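Each remark here refers to the structure printed beneath this line.
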Amino acid sequence: MNDVPATAATDGPSYDFRTAEPRWQQAWDAAGCFRVADVPADGKPKYYVLEMFPYPSGKIHMGHVRNYTLGDVVARYKRARGYAVLHPMGWDAFGLPAENAARERGVHPAEWTRANIAAMRTELQRMGLSIDWSREFATCEPEYYGHQQKLFLDFLRAGLVERKESWVNWDPVDGTVLANEQVIDGRGWRSGATVEKRQLSQWFFRITEYAPELLAALDGLDRWPERVRTMQARWIGRSEGARVRFPLVAPLGTETPAEIEVFTTRPDTLFGMSFVALAPEHPVSAAVASGNPAATAFVAQCRSMGTSEAVIESAEKQGFDTGLRVGHPLMPGQTFPVWIANFVLMEYGTGAIFGCPAGDQRDLDFARKYGLDTPAVVLPPGEVAEGFVVGAHAYDGPGTMINSGFLDGLDTDAARRTAIEALERESAGTGVVNWRMRDWGVSRQRYWGCPIPVIHCAACGAVPVPDADLPVRLPEDVRFDQSGNPLDHHPTWKHVACPRCGGAAERETDTCDTFVDSSWYFTRFCSPGADVPVVRQAADQWLPVDQYIGGIEHAILHLLYSRFFMRGMQATGQVGVAEPFAGLFTQGMVTHESYKGADGRWLYPEEVERQPDGTARHVETQEPVTVGRIEAMSKSKRNTVDPAAIIARFGADTARWFILSDNPPDRDIEWTESGVAGASRFIQRAHRLAAGVARVPCPPSMPGVGSASMGPAAAALRRATHRAIAAVTEALETFAFNLAVARLYELASALGEAERVGAEDGLAWARHEAVATMARLLAPMAPHLAEEIGWMLDPGRTSLICDLPWPEADPDLLTVETVTLAVQVMGKLRATVALPPGAEAAAAYAAAEADPNVQRALEGRRVVKRIHVPDRIVNFVVAG
RNA sequence: GCGGGCGUGGUGAAAUGGUAGACACGCCAGACUUAGGAUCUGGUGGCGCAAGCCGUGGGGGUUCAAGUCCCUUCGCCCGCACCA
């Protein structure tokens, strides 16, 4: 069969993504390609792909484009590999920005949120994501948060929720509690008011119950980044040590404890004690302050100091001598002073420490400043006990105990154990494991959140809302024209009858931290329409999430809370597994140059044009522009590029292709005009190559590889095609999407070369095979183009590319005719030789030695050793 | 301070201990043209006419062979942090 000569590639229409992309999106939708059942019966293995769901701010940003493109590549690839793939999308729709919009623009949070969702849904759908949109939900709708209230009550009944007093950051102007992150230099981030510490009654999830398990199970999360596991482990913060009680020599009265309990990881150094230091918020500090203006002033001063990094760094150790003294359980008759110190944290341990200046630099600085003792107790290896004194630096390493009574002569570890035994014998302390993590306070004095389903009754206390009365709906008619929580100000909403006694009672007006909403949404996706939080069968089918993808910024809180929530849901029988996310991938950020105008204001990229000489000018004014750092896109720096504009101008496939190319997905990527243009050119080129092939009908039969009926160019193209299958598959399996892109560029180049060969036996068939394969390999990354190419090759087809199985490489075609071996002399490259694959060592040496360059390098030298790595390298080791 | 990561061409980056720089951007030269955000071809780590020499932040080591493994040092980035 004769091939029709290839026509020039430059004619014919260019790829019109503007019509093609919506066409294929509709085709996928009409065919229901990406829908799966809650409990499928098709026997396929399951794969649950999830990207962190977006907050509906109104527009998608490039971080979303990257996140959802990465997830879509995985979802489409796994689907082609024969998995039943669950790939849903929803909205993390509660939160403060909606309330701010209400205050600033008078639009109701619900209205604002729903409009944003509608706008963002359209933008996401234009990306051509393989999402089962029938599962979509928003956390702000009662159909979601009502079930969350049910979970809250289940957790309450299971003892995983409790109400307790706690210190909070209170913004007196906004009338609300602030998270630590919302307190900036001691002031509320919105109001600017000085934040007060208040003790409030709050609802807590008892996440500390699971601290040991949340820590231990990290080891099993072998498809999580090491970094994230380390961050979580540090957050949970397990440390072994002892609690030690020091009796007050003269107790302050019956209201105040008669002893001070400290936590220490170094009970071995108890004989090195020089003082006790209390946190300013410690009850004993408060008791001292109540009768002592100087102490009161000191405590107030500590409280006013910010907790920001810079402040801590520069803050000097400061203390206040209370005049109190404590006894020592292991040193009868001795007493030590009790100080209040600004460096002791109420949040960690017991809020009190014993100071051992010899073993802790902080304690040493403090002791030196206030003239306290600094007894040495640990002798570092190689030091002599006689005359050993504590110098400028505390020693916290291992050593031998001195000046420590019955511990003398023991090494540090043995002393630790012996000291704990002694403490326990004296009933003065006990060995304990201390955890840094604290319970999760979820009460927020906000309107736009999930109402906590509890009713406060003067007679019955906090009474759960009966299940039959769920959901507790947010009232729609609320006002945002005064500070504080609108739910509190509502004239009627909170006034209800007590479900237990029928008396007058009040609803809880606090709403849940929005982290609660995102702690179980992935379970809801398994059965989003159910009238219970989750259908157990559906949850068992899909969970855990096989691949979760999102930003590193959620490495701790969101992921830890979700891990806790799954355990709670397991304990209450909702789900069967404990870990929500079997695989986690944290993507890098999308960055861009930043620009500053002559007036010092940030400029958007579209306001700036680069000059040929590398400088930049304002598009309109032509004033010079300063090119700033390349950093994460952010509204404040205005270095953002709008995905909707990019998709309108270049198409979704171009945006997807660019965001996948160049950089590995876990690294930051710089968005550049030239990069996008390059991606766009490839999309057009691939289309053009396919069009050139589609113009010639595909011969019906496949010529045998290497047979006389197949020419060398055809054979080479077939090899390139099958190498591409193997290489792209490997790249997609390992999240090396940038390499998958590179391998497809190579396949396109091979097609281009074949195009120039002209007529050759078998080439037409090989070109069809190459293009058809390229379409399928492109499909996870540039799905619209893939469908378009598939359609061009076979306009009458009824199947979609996205429904085809993943191609398999023919092993016979992965072999090569010759391999190039590097020939080294003493490790230096001297030549390369071409040999058939699998050539024996003798043949390799012979070929190498025949090379003139090698001969010159070996001349006059004695070969003492020859190395042969098959198909790789020959190395001659010479003497002289 | 603690923890993690990263240093490779003009740029983004590749590289099971085995030819450093795949692929792309940019640049250079050429071809073509219905001048397009084209397309196609060739070239492009440095020095050198060449043979060749040098080259993965610096220094040392292991090895026939090191970007890769080990030690050390410098620089940058991210996270956490008065954690007892």
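As the structure is a prediction and not an experimental result, all values here were calculated from the model. Proteins come first, then strands; the chains are lettered A, B, ... in the order of their sequence lines, and each starts at number 1.
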Mind checking the [atom1] distance from [N] to [M]? Whole angstroms is fine.
{"N": "A22(B)", "M": "U56(B)", "atom1": "C1'", "result": "16 Å"}
{"N": "C2(B)", "M": "C71(B)", "atom1": "C1'", "result": "22 Å"}
{"N": "C77(B)", "M": "G57(B)", "atom1": "C1'", "result": "15 Å"}
{"N": "G58(B)", "M": "U68(B)", "atom1": "P", "result": "11 Å"}
{"N": "U19(B)", "M": "A65(B)", "atom1": "C1'", "result": "12 Å"}
{"N": "G26(B)", "M": "G21(B)", "atom1": "P", "result": "22 Å"}
{"N": "U44(B)", "M": "G10(B)", "atom1": "P", "result": "15 Å"}
{"N": "C80(B)", "M": "C70(B)", "atom1": "P", "result": "29 Å"}

Would you say the side chain of F585(A) lies within less than 4.5 Å of the side chain of D666(A), judging by non-hydrogen atoms?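 Of all side-chain heavy-atom pairs linking F585(A) with D666(A), at least one is under 4.5 Å.
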
For D268(A) and T412(A), which I'm curious about, is there any donor-acceptor pair between the side chains at under 3.5 Å?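 Side-chain D/A pair, D268(A) to T412(A): absent.
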
Would you check if there is a donor-acceptor pair between the side chains of D851(A) and Q855(A) at a distance under 3.5 Å?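 D851(A) and Q855(A) do not have a side-chain donor-acceptor pair below 3.5 Å.
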
Check: G37(B) base within 3.5 Å donor-acceptor of R649(A) side chain: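 Per atom types, the contact qualifies.
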
Heavy atoms of other groups near R227(A) CZ, more than 12 under 6.0 Å: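 No, not enclosed.
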
Flag yes if more than 12 heavy atoms outside M346(A) fall under 6.0 Å of its CE atom; otherwise flag no.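 Yes, because the 6.0 Å sphere around CE of M346(A) holds more than 12 heavy atoms from other groups.
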
Who is the Watson-Crick or G-U wobble partner of [N], with both distances under 3.5 Å?
{"N": "G52(B)", "value": "C47(B)"}
{"N": "U41(B)", "value": "A29(B)"}
{"N": "C2(B)", "value": "G79(B)"}
{"N": "U68(B)", "value": "none"}
{"N": "A24(B)", "value": "U11(B)"}
{"N": "G17(B)", "value": "none"}

Atom-to-atom span, [atom1] of [X] to [atom2] of [N] - whole angstrom:
{"X": "R872(A)", "N": "U16(B)", "atom1": "CZ", "atom2": "C1'", "answer": "7 Å"}
{"X": "E753(A)", "N": "G42(B)", "atom1": "CD", "atom2": "C1'", "answer": "13 Å"}
{"X": "M346(A)", "N": "A84(B)", "atom1": "CE", "atom2": "C1'", "answer": "13 Å"}
{"X": "F246(A)", "N": "A84(B)", "atom1": "CZ", "atom2": "C1'", "answer": "12 Å"}
{"X": "I340(A)", "N": "C82(B)", "atom1": "CD1", "atom2": "P", "answer": "19 Å"}
{"X": "L821(A)", "N": "A65(B)", "atom1": "CG", "atom2": "C1'", "answer": "14 Å"}
{"X": "Q684(A)", "N": "A38(B)", "atom1": "CD", "atom2": "C1'", "answer": "10 Å"}
{"X": "N853(A)", "N": "U19(B)", "atom1": "CG", "atom2": "P", "answer": "18 Å"}

In terms of ring plane angle, is the pair H687(A) and Y15(A) parallel, tilted or perpendicular, where the classes change at 30° and 60°?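 H687(A) vs Y15(A) ring planes: parallel.
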
All ring pair (Phe, Tyr, Trp, His ring centres under 6.0 Å) counterparts of F17(A), not counting sequence neighbours: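 Ring pair (Phe, Tyr, Trp, His ring centres under 6.0 Å) check on F17(A) returns nothing, list empty.
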
Does a nitrogen or oxygen in the side chain of [X] sit under 4.0 Å from OP1 or OP2 of [N]?
{"X": "R362(A)", "N": "C83(B)", "result": "yes"}
{"X": "N663(A)", "N": "A13(B)", "result": "yes"}
{"X": "R756(A)", "N": "U41(B)", "result": "yes"}
{"X": "K828(A)", "N": "A20(B)", "result": "no"}
{"X": "R436(A)", "N": "A81(B)", "result": "yes"}

Per-nt protein contacts along nucleotides 21-34 of chain B (heavy atom under 4.0 Å; B base, S backbone sugar-phosphate only, - none) come out as -BSSSS--------

Classify the nucleic acid contact of V864(A) as base, sugar-phosphate or nothing, counting any heavy atom under 4.0 Å across all strands shown.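 It contacts nothing in the nucleic acid.
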
Mind checking if D360(A) touches a base, just sugar-phosphate, or nothing, with heavy atoms under 4.0 Å?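 It contacts nothing in the nucleic acid.
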
Which residues within residues 829-845 of chain A lie with some heavy atom under 4.0 Å of an atom in RNA chain B?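 Those residues are L829(A), R830(A), T832(A).
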
Nearest to the side chain of P664(A) - C54(B), A13(B), A84(B)?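 Side chain of P664(A) sits closest to A13(B).
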
Nearest to side-chain heavy atoms of I873(A), which nucleotide of A84(B), G18(B), C64(B):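 Nearest to the side chain of I873(A) among the choices is G18(B).
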
Using a 90° cut-off around 0 for syn, call G9(B) syn or anti.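 Syn conformation for G9(B).
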
Using 0.5 Å steps for rounding, measure from the NE2 atom of H592(A) to the CH2 atom of W671(A).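 With rounding to 0.5 Å, NE2 (H592(A)) is 9.0 Å from CH2 (W671(A)).
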
Euclidean distance, W435(A) CH2 relative to L214(A) CG, rounded to 0.5 Å: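 If we round to the nearest 0.5 Å, L214(A):CG and W435(A):CH2 are 9.0 Å apart.
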
Tell me, which pairs form a side-chain hydrogen bond (donor to acceptor under 3.5 Å, both in side chains) where one or both residues lie in residues 651-663 of chain A, sequence neighbours left out?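 Sorted pair list: D72(A)-R656(A), D653(A)-H784(A), W657(A)-Y745(A).
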
Is there any side-chain hydrogen bond (donor to acceptor under 3.5 Å, both in side chains) pair reaching into residues 724-734 of chain A, and which pairs are they, with sequence neighbours excluded?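 Applying side-chain hydrogen bond (donor to acceptor under 3.5 Å, both in side chains) to every pair that reaches into residues 724-734 of chain A, excluding sequence neighbours, yields Y77(A)-E733(A), T729(A)-W806(A).
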
With nearest nucleotide decided by heavy atoms, which residue, F682(A) or F876(A), maps closer to the 5′ end of RNA chain B?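 Comparing both residues, the 5'-ward one is F682(A).
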
Kindly give the atom pairs (protein nitrogen or oxygen, nucleotide nitrogen or oxygen) under 3.5 Å for nucleotides 3-11 of chain B.
residue	atom	partner	partner atom	Å
G3(B)	O4'	R234(A)	NH1	3.1

Is it true that R649(A) and E673(A) have a side-chain N and a carboxylate O under 4.0 angstrom from each other?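 Yes, R649(A) and E673(A) are salt-bridged.
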
